[in-house]
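Here is the structure we will look at, set down as structure tokens.
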Amino acid sequence: MTTLSYTDMSKLYATKAKQYNAAQCRAAITDIDATLAVQDNGNTMVPMTPYVTQLFCERDAMLDRLLALR
């Protein structure tokens with residue numbers, strides 16, 4: 001399995017987020033934040049695992065979508 005670059009993941013999640021309305025984006029961000037809280041080891045998520053990177057990438061896409069919907 002190949003790992004996508006952050007740029008590739010950003011494109012993927014931006015495409016996914018385009019289908020979301022504001023409420024769906026907020027719900028996704030809430031879910032992502034809850035998952036990130038579980039992943040936190042008390043050291044601000046260092047080392048940054050691929051999964052944590054993916055979550056942040058998806059969160060960024062949802063935030064961008066919320067801004068675009070304003």
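Position 1 is the first residue of the sequence; numbering continues from there.
Rounding to the nearest 0.5 Å places CZ of R26 at 9.0 Å from CG of L69. Distance OH/Y13 to CG/D8: 12.0 Å, rounded to 0.5 Å. A distance of 10.5 Å separates CG of D31 from CG of L55, quoted to the nearest 0.5 Å. Going from atom NZ of K11 over to atom CG of L4 covers 11.0 Å, rounded to the nearest 0.5 Å. With rounding to the nearest 0.5 angstrom, the CD1 atom of I32 is 9.0 Å from the CG atom of D60.
Distance alone, capped at 3.5 Å, is enough to place a donor-acceptor pair between the R65 side chain and the K18 backbone. Q24 contributes a side-chain N or O that, together with a main-chain N or O of N21, makes up a donor-acceptor pair within less than 3.5 Å.
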Candidate pair Y51 and T35, rule side-chain contact (heavy atoms from CB on, under 4.5 Å), full reasoning: CA-CA 10 Å; Y51 182 56; T35 304; 3.5 Å; yes
L63 vs R59, test: side-chain contact (heavy atoms from CB on, under 4.5 Å). Steps then yes/no. CA-CA 6 Å; L63 288 171; R59 189 178 193 285; 3.2 Å; yes
Begin from the C-alpha positions of L12 and E58 and carry the test side-chain contact (heavy atoms from CB on, under 4.5 Å) through to its verdict. CA-CA 9 Å; L12 176 76; E58 185 172 10; over 6 Å; no
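When all heavy atoms of C57 and S10 are compared, the closest pair comes out as SG-N, 3.3 Å. Summarising the geometry of Y20 relative to C25, their closest heavy-atom pair is CB-SG, 3.6 Å, with the distance given to 0.1 Å. The two residues A61 and A17 make their nearest non-hydrogen contact at O-CB, 3.8 Å.
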